[in-house]
Amino acid sequence: MVRRVAVVGAGSSGLACIKICVEEGLEPVCFESSDDIGGLWKFKESPEPERSGIYRSLVVNTSKEMMCYSDFPMPADYPNYMHNSQLLQYYRLYADHFDLLRYIHFQTTVKSVAQKPDFSLSGQWDIVTINKDGEEERNVFDAVMVCSGHYTHPSLPLSGFPGYETFSGRCFHSWEYKDADACRGKRVVVVGIGNSGGDIAVEISRSAKKTFLSTREGAWVIGRMSSNGLPLDMTATTRLNNMLTLLLPNTLVNWAAERALNYKYDHRLYGLKPKHRLMDRRPLINDDLPGRILQGALVMKTNLKGFKDSGVEFEDGRVEENIDAVVFCTGYNVKFPFLPSVLTDGPQGELTLYKTLFPPSLVRPTLAVMGLFRSKGPITPIVEMQARWVVKVFTGSSCLPPKEKMLEVIESERKRNMKSYPCPRTAALQVEYIPYLDFMAKEVGVRPNLLTLLLTDPVLWVRIFFGPCTPYQYRLTGPGQWAGARQVILTQWERLAQPFRNQSGTGEQAVCDFSLGACTWRNSCNGFCSV
Ligand SMILES: Cc1cc2nc3c(=O)[nH]c(=O)nc-3n(C[C@H](O)[C@H](O)[C@H](O)COP(=O)(O)OP(=O)(O)OC[C@H]3O[C@@H](n4cnc5c(N)ncnc54)[C@H](O)[C@@H]3O)c2cc1C
Ligand SMILES: *[C@@H]1O[C@H](CO)[C@@H](O)[C@H](O)[C@H]1NC(C)=O
Ligand SMILES: *[C@@H]1O[C@H](CO)[C@@H](O)[C@H](O)[C@H]1NC(C)=O
């Protein structure tokens with residue numbers, strides 16, 4: 001019988017795990033090494049070793065209705081894309097509302113998690129923690145949920161670049177970057193075009209003399225703002241679109257989407273065009289990058305090749321002299337120093353995980369690694385659903401396939417993803433947003449049944465099929481059902497509009513019918529919303 005569950009970390013993932021454990025009648029004990037909740041979203045003025053770090057200006061890249069917990073919508077007046085401090089505020093509201101703080105032991109670090117000698121019978125774990133006074137404690141738990149985050153160990157591949165020892169400028173990782181103050185009037189190179197690389201290059205380009213953005217592969221760049229100024233994910237992440245991408249030929253979907261994007265800014269002209277097709281990978285979400293290129297403040301460069309005294313050389317042979325700083329936005333190494341080494345058994349010493357959650361080598365499925373995946377959608381709703389499934393597996397009400405079968409699935413999913421992501425390690429992490437959520441929801445018994453819905457509640461069906469796949473959809477029926485779910489789906493467009501209403505400069509009140517989302521809104525706005 002699983003009863004006591006250790007939750008490692010009290011970031012957005014840890015909070016969801018605590019809440020779901022309580023909901024399912026388990027006893028969570030959460031260990032958090034820092035003195036606060038929020039993890040990544042708790043801004044720190046200076047980098048702290050082994051902790052994630054974000055820059056001061058960071059604004060989320062997923063919108064509020066899409067990234068919230070499934071039974072706790074964000075306050076209506078929050079902006080659709082909020083500053084990191086406001087997201088932390090939301091996590092505080094969540095923790096207060098569900099009274100989660102009392103399960104958390106702050107300033108307590110998990111040092112090791114090891115199978116008990118009788119693991120094959122008990123499935124139990126020995127966990128050693130160390131508190132702020134340096135006192136070690138050993139405890140036995142029936143199960144473990146690992147929520148320690150993945151942006152803690154920056155990957156800084158300096159030694160791969162000849163000449164860096166004698167380079168006169170400063171080199172540092174985006175993990176250390178807080179703001180562009182130190183870059184005023186300087187010549188700066190930013191390396192890497194992930195979401196951080198794009199944000200940081202744009203910000204630096206506003207105060208630096210010249211900013212260069214070096215990229216190996218380029219990227220498709222797409223703004224947070226979709227048609228009619230609606231949040232991109234609210235219009236793109238729908239069940240209809242999910243179905244269309246399955247039914248229509250890939251090349252057609254790519255052709256149409258790339259055409260639409262290039263219509264705004266031709267990626268080839270802007271030096272951004274990647275080799276991969278648009279739908280194959282996650283695009284870079286950035287509103288300002290093309291504009292900074294157009295204004296000449298930001299200059300695109302090929303892959304970094306090496307350093308020469310005060311200069312930087314790129315793969316096309318060109319050299320930029322007098323570079324003051326190079327910011328490496330080169331990602332992170334995933335590390336779980338407290339986990340037993342038998343679990344990191346992948347080809348390159350990485351974790352092998354069934355459905356990015358369960359190590360198949362365990363004879364008892366009593367440990368899960370939360371949030372270790374990449375998707376085109378927001379992280380939190382997936383982690384919350386992971387927690388709902390994991391708890392079912394812990395308690396035995398949902399069963400995993402035999403080990404051989406799990407390994408087979410892992411391998412076939414990796415193979416499928418290799419088409420878009422040639423690196424096996426990266427390929428193993430990719431999940432498709434709606435299909436992955438639906439898969440887990442089916443295991444839990446909370447997947448919305450579209451056919452039944454069409455017959456019994458066509459009004460809701462329309463929102464669920466044509467509208468954004470907001471997390472509330474997974475609270476309509478089954479275990480963990482929430483009576484408010486239907487209502488918050490019907491009102492999601494109103495919460496989207498609320499922050500705009502608050503700031504209406506004309507004093508006019510928007511009288512809109514949001515029922516069908518974007519289309520109805522535009523047509524029924526009586527001139528108010530039309531530009
Ligand atoms: C720059 C950046 C921007 C992002 N923007 C978005 C976004 O807009 N939308 C989105 O959905 N996702 C975004 N993400 C992804 C983000 O990582 C997740 O949304 C989410 O914050 C992950 O939360 P977490 O709880 O899993 O990890 P974290 O927030 O990293 O929390 C982990 C916690 O575990 C604690 N911990 C670690 N090790 C131990 C230990 N041994 N013992 C005890 N405690 C420990 C840490 O102190 C920390 O509090 C972004 C990521 C980055 C890096
Ligand atoms: C948002 O940015 C983070 C950090 O770079 C990234 O991991 C995540 O995938 C991005 N989300 C989307 C939807 O692109
Ligand atoms: C928006 O308006 C509501 C209702 O009038 C108010 O309670 C809220 O504080 C306002 N929010 C902001 C950000 O002004």
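Atoms within a ligand are numbered from 1 in the order they appear, just like the ligands themselves. We number each residue from 1, following the sequence as shown.
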Intermediate values then yes/no, salt bridge (Lys or Arg N to Asp or Glu O under 4.0 Å), E65 and R463: CA-CA 14 Å; E65 290 299 311; R463 266 77 163 180; over 6 Å; no
Heteroatom distance test (T380, ligand 1): nitrogen or oxygen, under 3.5 angstrom: no
Polar atom proximity, I54 to ligand 1 (N or O, under 3.5 Å): no
Per-residue contact class, Y151 against ligand 2 - non-hydrogen pairs under 4.0 Å: side chain
Polar side chain donor-acceptor pair, Y436 to T356, under 3.5 angstrom: yes
Geometric cation-pi criterion, K355 with F439: 6.0 Å, 45°: yes
Region of K111 that comes within reach of ligand 1 [heavy atoms, distance under 4.0 Å]: neither
Test item: side-chain donor near acceptor, E135 and N131, under 3.5 Å: yes
For atom 17 (O) of ligand 1, the protein heavy atom that lies nearest, with its residue and separation: Y151 CE1, 3.2 Å
Close N or O approach (N61, ligand 2; < 3.5 Å): yes
Ion pair check, E23 and R475, cut-off under 4.0 Å: yes
From the candidates E32, M67, K335, the one that places a heavy atom nearest atom 46 (C) of ligand 1: E32
Closest approach of any protein heavy atom to atom 15 (C) of ligand 1, naming residue and atom: I379 CG1, 3.8 Å
Shortest heavy-atom approach to atom 41 (N) of ligand 1 - which of T108, D35, V110, I200: V110
Enumerated ligand 1 atoms positioned under 4.0 Å from heavy atoms of F31: 43 (C), 44 (N)
Nearest-contact summary for atom 38 (N) of ligand 1 - protein heavy atom, Å: S148 CB, 3.4 Å
Residue and atom name of the nearest protein heavy atom (relative to atom 20 (C) of ligand 1), distance in Å to one decimal: S12 OG, 3.5 Å
Nearest neighbour of atom 29 (O) of ligand 1 from the list L40, V60, D36, on a heavy-atom basis: L40
Charged N-O contact under 4.0 Å between D181 and R56: no
Contact atoms of ligand 1, heavy-atom distance to F338 under 4.0 Å: 41 (N)
NZ/NE/NH1/NH2 to OD/OE distance under 4.0 Å, E24 and K392: yes
Polar side chain donor-acceptor pair, E384 to Y474, under 3.5 angstrom: no
Ring centers of Y421, H276 separated by less than 6.0 Å: no
Centroid separation H105 to F31 less than 6.0 Å: yes
Sidechain N-carboxylate O distance under 4.0 Å for D36, R92: yes
Ligand 1 versus C147: contacting region, heavy-atom distance under 4.0 Å: backbone
Shortest reach to atom 7 (C) of ligand 1 by a heavy atom, considering only T109, V8, N61, V7: N61
Within 6.0 angstrom of R206 CZ, more than 12 heavy atoms from elsewhere: yes
Salt-bridge present (D438, R239; N to O < 4.0 Å): yes
Any donor-acceptor N or O pair under 3.5 Å, side chains N80, S63: no
Proximity winner for atom 3 (C) of ligand 1, if only heavy atoms of L58, V369, L15 are counted: L58
Top protein contact for atom 13 (C) of ligand 2, by heavy-atom distance: K376 O, 3.3 Å
Check ion pair E217-R281 (N to O, under 4.0 angstrom): yes
For ligand 2, the portion of R374 having any non-hydrogen atom under 4.0 Å away: neither
Nearest non-hydrogen protein atom, atom 27 (O) of ligand 1: G149 CA, 3.5 Å
Closest protein heavy atom to atom 4 (C) of ligand 2, given as residue, atom name and distance to 0.1 Å: N195 CB, 4.1 Å
N or O pair under 3.5 Å between S196 and ligand 1: no
G371 touching ligand 1 at heavy-atom level, < 4.0 angstrom: no
Ligand-residue contact atoms, ligand 1 with P378, heavy atoms, under 4.0 Å: 11 (O)
Protein residue, atom and distance nearest to atom 14 (O) of ligand 2, heavy-atom basis: I285 CD1, 3.5 Å
Nitrogen or oxygen of V59 less than 3.5 angstrom from that of ligand 1: no
Per atom 6 (C) of ligand 2, closest listed option by heavy atom (R282, H150, R224, M66): R282
Polar proximity ligand 1 side, T62 side, N/O cut 3.5 Å exclusive: yes
H267 and Y265 aromatic ring geometry - parallel, tilted or perpendicular at 30°/60° bounds: tilted
Distance from atom 24 (P) of ligand 1 to nearest protein heavy atom, with residue and atom: S13 OG, 3.2 Å
Option whose closest heavy atom lies nearest to atom 45 (C) of ligand 1, chosen from C30, G11, G39, S33: S33
Ligand 1 N/O within reach of H150 N/O, cut-off under 3.5 Å: no
Residue part near ligand 2, for T62, under 4.0 Å between non-hydrogen atoms: side chain
Atom 21 (O) of ligand 1 - nearest protein heavy atom and its distance: W41 NE1, 2.8 Å
Short side-chain donor-acceptor distance under 3.5 Å, S70 and W482: no
Parallel, tilted or perpendicular: ring planes of F72 versus H97, cut at 30 and 60 degrees: tilted
Residue K376 excluded, over 12 heavy atoms near NZ under 6.0 Å: yes
Distance from atom 34 (O) of ligand 1 to nearest protein heavy atom, with residue and atom: G9 CA, 3.2 Å
